[in-house]
Every structure is written in C-alpha cells, then in structure tokens.
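What follows is a single structure, written as structure tokens, with notes after it.
Residue numbers run from 1 in the order of the sequence given. As the structure lists them, so they are numbered: ligands from 1, and atoms in each ligand from 1. The structure displayed is predicted, hence computed values, not measured ones. Atom set for the values below is all heavy atoms of this structure, side chains included, hydrogens, waters and symmetry mates excluded.
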Amino acid sequence: MSTVTVIKGIGVGRGVAAARVRLMAPPLSEPTQERFAGDAEAELARVVAAQRRLSADLLARAERAGAEAHEVLTALSSMAVDPAITAAVEARIGAGRTGERAAYEAFHEFAETLAALGGYFGERAGDLKDLAQRIVADLRGVPAPGIPDSHEPFVLVSDDLAPADTATLDLALVKALVTREGGPTSHTAILARSVGLPAIVAIGDAERLDEGVRVLVDAASGTVTVEPRDEAIKSAMERERTRLEATRSLAPGALADGTPVQLLANIGAASQSAPAAALGAEGVGLFRTEFLFLDSTMMPSVDEQVRAYSEALAPFAGRKVVVRALDAGSDKPLPYLTDQGEENPALGRRGLRALLAHPEVLDAQLEALARAQAASDADLWVMAPMVADAAETEQFTDRAHARGLRTAGVMAEVPSIALMAEQVVAAADFVSIGTNDLTQYTMAADRLLGSVASYQDPWHPAVLRLIERLGEASAAAGKPLGVCGEAAADPDLAVVLVGLGVTSLSMSAAGLADVRAELALNTLEQARSKAAAALTARTAMAARNAVRTAY
Ligand code: PEP
Ligand code: MG
C-alpha cells in the first residue's frame, strides 16, 4: 500500500479544503535587447498569433465573469489585439527586435500613455503590462505569471502573495492558500484570516506540491496531505461541517466553564461597524481612525469627525466601542503631523508622540469623540497608540478625562510599557495590547520587512512574558486588558492570551467565529496551563507546538 505524504507548515485559521494544486508561476525575466536576425514576417506572425490567443482567452473569461469584470475583460480582450499596438510591434521587429522584446516594448509604451492620462485609463496601465507578460509567456511556452486562470476550484501554492496578487483572487475558486514563505502575520495570513480562507504558510517541503496533484489542506493541524485517501477527505469534510455549524453561533465569547471573554471587532472605517455587529461582535475593540486623516491632505474638521464616530457607535447601543486616537507616523505617515526624513520612523515621533507634539490635533479629536459620546447610547472608550510609560499614560488619560471622556486607556505596543505595567495600569482605565507593534519592538524586526518576517511572531515567549506582566498587573488592579493585534485572531493563541489574563479579544470580524469556537473548548484552568507551557518554550514555534499538543 502506498504511503501518503504529509507536509507541515504554520496553519492559519481552522478550515479544511480539498482540491487540486495550481502553482503560481514566478515573474518572467524582461526580454533581452539582443538583435533579431531571423525572418521578421514569421516573427511578427508568432506575436500576432499569441495576441489572438490571449484576446480569445480574455473574451472567454469575460463570458464567465460578473458584470463589472465582464466589462474590464472585454476591454482588455480588444486591447490585446489593438491594431496600433500590433503596428508598433511590427515596427520594432523591423528595427531588429525579437518578437518578445517588440511586444514587451509596444505594450509598455501604450501603458505609459494610459498612465499619463490618469483616472480610469491610468488604472488600466497595469493591465496592459500584465498583457505584455502573458504574451511573452506564451511566446516562451511557459505559464503566465501571477494567479493561474482556472475554471475549477484549486489550492493556490506560491512563494508568498503580494497585496496586488490577493486583489485578483477569485474566492469562488480558491479553496486554500499554501505558501513556502511568510509567517503568521504575513500578508497572506492576514488576507486568509480576513476572508476566512484556510491557509498554510512557511511550508517546508513545497517541492512535492506539483501542479495538478490532489491535496487536503488542514489549517488546524497546519498540514497539507498529498494525494490523500478518499476516507481521509470524507472525515475531514465531516469535521469541517461540524466546525461550520459551531461557528454559526453568535453567542457572546466564553470559555467552557462560562468565564466570559469579550469578542470585539477591529474596524478601519465607520461603515464597517454594522457588518461587524451582524457577525456577532460584542462591540468594537479597535477603531483605527487613521482613514479619516490619511484620505485627506488637510485635517478633517471636528464636525466631520463627529459624523464618522457617531456612525461607528450607532450599531452598538449599550456596548463598548474603543476608538484609538490617531496613530500617525512610521507605516502611516501624515504630512501635516509627522516629521519627514526620520531615518527610522518606527522609532521616531509616531503615535502619541506625534499627537503630543501637535496638541491641537489631539484636542480636536478628543472634542469630536466627546460630542459623539454625548449623542450616543454606546459606551465610548478612547485609547492612545505608542505609549512608553505611566507618565505618558497619564498625559493622555488626564487630557481625555478633562474633555469629559469617561474611559481612557492606552495601547501596549512598546516593551517599556509592559515592563512598567503596575504603574501604567494604575494610570489608565484599561490597557489594550497591540501585538503587531509589541512583537515588532520586542523582537527588533520591522513588521513591513519580509526578510525578518519569521521574527514577527507573537507566539515568541519573549512577547508572551511581556503580556503575562500586563495580565498580572491588570488582574491585581481589577482593570480590563484587551488584545487588538493580529494575535487575537489566532484561535490557539487566543486561548493562551486568556490564560495570561486577557479579558477581551478584538480582531477583524471574519475571525470571530473560529476564536469563539476554540474558547468554548477550554476551561480557564486549561487556558492557564497552555499559557504556562508557551511561556517556558524556547522559540515561537516551540510555544505553538507545546500548546497544540497540550491536549
Ligand atoms: C498593533 O500594533 O497590534 C495594532 C493593533 O495597531 P496597528 O496594527 O494599527 O499598528
Ligand atoms: Mg500598532
């Protein structure tokens, strides 16, 4: 009897999927400028044939697509065989370019023209460059780069996914994501969590995942089974059905012994508040207010802010909505607030530091929040980002209280705040841990830099030990302690966080169901013993494994 290959990686989410593998082809090298000395007419015919094949393919895809994509694909199908582009290809082949190079240059030249027009046409420039890649791939006889086209459901296997790739994923067809690289906070993992797609990242032995092989992806165990037996698929799918049943519950978060754990939503725009409530969020744990400021070149007026905050509060009468004061700087630069030209902006004047340097911006925001609070039945809490110690905590909470805001707290994102936990907790009404930044600063690993992504792992016991201190200090003072970084959306880690003393978890609303289901399987005693196992591990991976094998 043949043995079945099982490959291990880091699972994201809880889902299970079975389908055939489609590999994401790597980007093509740029065609060289070598002189073409062959038959120009035959070379042009080769290119024209590739253009026609591409045009027909795009048209076929347009027929299957929804109304909006249909229009775009039909337009692209015409562009692929545009006579002006073909004439430009012909001229270039005549001037001694290879067909590949001529097509590449001609499509890129038209792309530049469109880009210069801006607006809708400008947005199509990227599409034209994509057409060039597809024609060059056809001429080389290799697969086109990017997300493969498919009529059937598939498991996408790639090195990693860039934001641009994920934008074109057809979620009706992609059943799971498997990447060789990336970590639990990589773009792939964040996307998978936000749309509820099972994913396995940092997979070791990806060479065995050939195009077309059948695989069973199990995110809970972090495994990809190659050519699984039918019974294995059947039992995994049955488990998946039971899981989906359980995740349909919109009950408030609680452990198996009834210990409540508030499940809240992270939102990035006021309009996301109502959909989060519909997915069972018990409130909002992090309202990132940057969108209001980043979308405009000037500071939004107090009235504009009041309108946005009121919209976010509206679906949560009687519930808590935690609004974060503007977190400008570093990955969210704002010309009128942050210093230009800092060499290390993540270590610069960002978050509360930028607000204290521009108190008029902070005061306007606090005033808008106070007005929104006065007009709403929701329980508005406000917190400051990037706070270093108890003195800074007090600067913020005093200012917020003075404006009439009842509940003012701070985010724990800088390790210093956790090391000074008792003092900080005494100066705040609550603390919310931003594990994305706390991990970045604890591990000294830029959260935007792929080459150090493996350090960006909130499972690292160093990060967990800082959270433990915050948990102990908050419990001793009887104050709430939340987590609003990506870590909260990892069901196993969520249990560990509760074991460390966290009382609420906030995440993108799509992640709530899996976390709710996992919490319900653990008592407080079990959560504490899992936390203890993770704290004594030597590495992030060891902590994760210790918890997953605990029961
Ligand atoms: C965090 O740092 O964990 C956090 C929630 O804030 P942001 O991701 O917006 O920096
Ligand atoms: Mg942060």
#### Entry: Worked check of side chain to side chain contact (heavy atoms under 4.5 Å, CB included) between E392 and L352
CA-CA 8 Å; E392 262 193 7; L352 181 63; 3.9 Å; yes
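- Taking the Mg ion (ligand 2) as reference, the nearest N/O/S atom within D437 carries the name OD2.
- Set against the non-hydrogen atoms of C484, the atoms of ligand 1 under 4.0 Å away are 5 (C).
- When only modelled atom types and interatomic distance are considered, Q365 and Y309 share a side-chain donor-acceptor pair under 3.5 Å.
- Shortest contact from atom 6 (O) of ligand 1 to any protein heavy atom: R324 NH1, 3.0 Å.
- Contact atoms of ligand 1 toward D437: 1 (C), 2 (O), 3 (O), 10 (O) (distance under 4.0 Å to a heavy atom of the residue).
- T259 and D257 share a side-chain donor-acceptor pair at under 3.5 Å.
- No option in D492, T539, D457 other than D457 meets the side chain to side chain donor-acceptor pair (under 3.5 Å) test with R544.
- Near G434, meaning under 4.0 Å from one of its heavy atoms, ligand 1 places the atoms 1 (C), 2 (O), 3 (O).
- Residue R447 touches ligand 1 through its side chain alone, judged by heavy-atom distances below 4.0 Å.
- E413 has its closest N, O or S atom to the Mg ion (ligand 2) at the position named OE2.
- A heavy-atom distance below 4.5 Å is not found between the side chains of S504 and L263.
- Within 6.0 Å of CZ on R180 lie more than 12 heavy atoms contributed by other residues, nucleotides or ligands.
- Of the heavy atoms in R288, only side-chain atoms (C-beta onward) come closer than 4.0 Å to ligand 1.
- For ligand 1, one of its N or O atoms has an N or O atom of N436 under 3.5 Å away.
- Contacts with ligand 1 closer than 4.0 Å are made by side-chain heavy atoms of L286 only, the backbone lying farther away.
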#### Entry: Trace of the side-chain hydrogen bond (donor to acceptor under 3.5 Å, both in side chains) decision for S506 with N266
CA-CA 6 Å; S506 191; N266 287 357; 2.6 Å; yes
